[in-house]
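First comes the structure, then the notes that go with it.
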Amino acid sequence: MITLQNVNKAYKEFALKDLSFSVKKGFITGFIGPNGAGKTTTIKLMLNLLEADSGSIKVFGDDYSTQMNKIKQRIGFIYADHHLYGHMTIEKMKKVIATFYTNWDDQVFASYMERLELPWKRKINQLSKGMGTKLSIAIALSHHADLIILDEPTSGLDPISRREILNLLAEVIQDEEKAIFFSSHITSDLEQIADYITFIHDGKIVFSDSKETITDQHYLVRGANELLDKDIRTLFVQVRETSVGFEGLTNQAELVKRLMGEHVVMERASLEDIMVYTVGKP
Ligand SMILES: Nc1ncnc2c1ncn2[C@@H]1O[C@H](COP(=O)(O)OP(=O)(O)OP(=O)(O)O)[C@@H](O)[C@H]1O
């Protein structure tokens, strides 16, 4: 659906370096990374809201440079900039946005309005944060887009609304014809519904793989400090040592099991563990 190859983008004090990954049809890909890792910048590049310094971004096999309109029609994304429409009611805003999309579907939009309990007559700048997010999602899903890109769709939402949004996304992906890419800090959300995970840290992709592969490879390992010689340390992404022993994250679970299985305790790492240990502040 979308493939980035060796994409670079530099700001004065930050750079995305050599990003390569793809978002697959029929699946939900979660995009995780700490604050300032480059998630929003990557998403802006994917939406052609920013131009890369080098590298290639292909969407549905096409380039923005020649097929901009065709591509944009097939992408649904969160409308982050509500300010433009702040003075309008949802009803009015819908009319404006509907004109952008040849496949806009009033019925689908109305059904999301009802399901998400959004008020047609309320002005955009009078919506709560949660309502604004839900409205963005309703818009993103109402023009039969094939690729849905969401930047932090669940942040700032209460647990009930978050679950509502996750269930909605899980339903949308059922038909296997679409792809969803969404960034989040809330790793438990991604653990729940993502099929693939792309992890970015300091402008670089740490990994981009299926959730099963990632959770099969990553284990938390606990044992006595004496076990940690120079070679063993290379098996760990990061190790935290205390007077009572060490805890480390490995991304080579099989090898660790084979070499030290009898002497250590191993448990599957959560996405949060993986993120915290990889960033280096366990
Ligand atoms: N227009 C810009 N000019 C210069 N630097 C920028 C610009 N936009 C973002 N940055 C910098 O790029 C880095 C990455 O920002 P980005 O918003 O992509 O991170 P993020 O992973 O989405 O973070 P968060 O989770 O906090 O939203 C940050 O250091 C930010 O200050």
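Atoms within a ligand are numbered from 1 in the order they appear, just like the ligands themselves.
Not a single heavy atom of Gly203 sits under 4.0 Å from any atom of ligand 1. Put simply, no part of Gly33 is less than 4.0 Å from ligand 1, judged by heavy atoms.
For atom 9 (C) of ligand 1, the closest non-hydrogen atom on the protein side is Tyr11 CE1, 3.5 Å. Ranking protein heavy atoms by distance to atom 12 (O) of ligand 1, first place goes to Phe14 CD2, 3.3 Å. Among all protein heavy atoms, the one lying closest to atom 20 (P) of ligand 1 is Lys39 N, 3.5 Å. Of all protein heavy atoms, the one lying nearest to atom 16 (P) of ligand 1 is Thr41 OG1, 3.6 Å.
Ligand 1 has an N or O atom lying under 3.5 Å from an N or O atom of Thr40, backbone or side chain. The shortest N or O to N or O distance between Gly36 and ligand 1 is below 3.5 Å. Taking any N or O of Asn35, backbone or side chain, at least one lies under 3.5 Å from an N or O belonging to ligand 1.
Contact annotation: for Glu13 versus ligand 1, there are no heavy atoms closer than 4.0 Å. The residue Ser183 has no part lying near ligand 1, judged by heavy-atom distances below 4.0 Å.
Taking the ring centre of Phe60 as origin, the terminal cationic atom of Lys70 falls outside the region bounded by 6.0 Å and 45° from the ring axis.
For the ring-ring contact (aromatic ring centres under 6.0 Å, His included) criterion with Phe31, the lone passing option out of Phe199, Phe181, Phe182 is Phe181. For the side-chain contact (heavy atoms from CB on, under 4.5 Å) with Ser208, the lone residue among Thr198, Ile200, Thr29, Leu4 that qualifies is Thr198.
In this structure, atom 30 (C) of ligand 1 has its sub-4.0 angstrom surroundings free of protein heavy atoms.
Heavy-atom contacts of Pro34 reach the following atoms of ligand 1: 21 (O) (cutoff under 4.0 Å).
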Tell me, with the steps shown, if Leu16 and Leu45 meet side-chain contact (heavy atoms from CB on, under 4.5 Å). CA-CA 10 Å; Leu16 290 177; Leu45 289 167; 3.5 Å; yes
Give the C-alpha distance, both sets of side-chain angles, the deciding distance and a yes or no for side-chain contact (heavy atoms from CB on, under 4.5 Å) between Ile274 and Phe207. CA-CA 11 Å; Ile274 296 173; Phe207 54 68; 3.7 Å; yes
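Phe236 and Val265 fall into different hydrophobic clusters, where Ile, Leu, Val, Met, Phe, Trp and Tyr are joined by side-chain heavy atoms under 4.5 Å apart, directly or via other members.
A salt bridge is absent between Lys211 and Glu191; no separation between the charged side-chain nitrogens and carboxylate oxygens falls under 4.0 Å. Note on Glu176 versus Lys25: no salt bridge recorded, every NZ/NE/NH1/NH2 to OD/OE distance being 4.0 Å or above.
Ring geometry, His143 versus Trp104: the interplanar angle falls under 30°, so the pair is classed parallel (tilted spans 30 to 60°).
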